[in-house]
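Worksheet: the structure to be examined is printed underneath.
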Amino acid sequence: MIAFTILLDEAAADFYERVAEAADRTVETVLADSLFKLAGELSLEALARRAE
């Protein structure tokens, strides 16, 4: 895997830390899963626009 460093504002960092704790996962895993899901949604939107 490739590692990336991102900067989050304090509110976003607190949010993801709480989500990670509630899901019994690491913050890194929650962020990676969130980014993967967002990439999928954006891809579907792009495909839908292309089909129009």
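Just so you know, residue 1 is the first one in the sequence shown, and it goes up from there.
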| said: Suppose we screen for side-chain contact (heavy atoms from CB on, under 4.5 Å). Which residues come up paired with Leu42, at least two apart in sequence or across chains? | reply: Leu38, Glu45

| Rest of the hydrophobic cluster containing Leu35 (Ile/Leu/Val/Met/Phe/Trp/Tyr, side-chain heavy atoms under 4.5 Å)? | none

| task | May I ask you to check whether over 12 heavy atoms, not counting those of Glu10, lie within 6.0 Å of atom CD? | result |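 Count not over threshold, so no.
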
| query | Linking I/L/V/M/F/W/Y whenever any side-chain heavy atoms sit under 4.5 Å apart, do Val27 and Ile6 land together? | reply |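 The answer is yes; both residues are in one hydrophobic cluster.
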
Can you give each donor-acceptor pair under 3.5 Å made by side-chain atoms of residues 12-20, sequence neighbours left out, with the distance rounded to 0.1 Å?
none

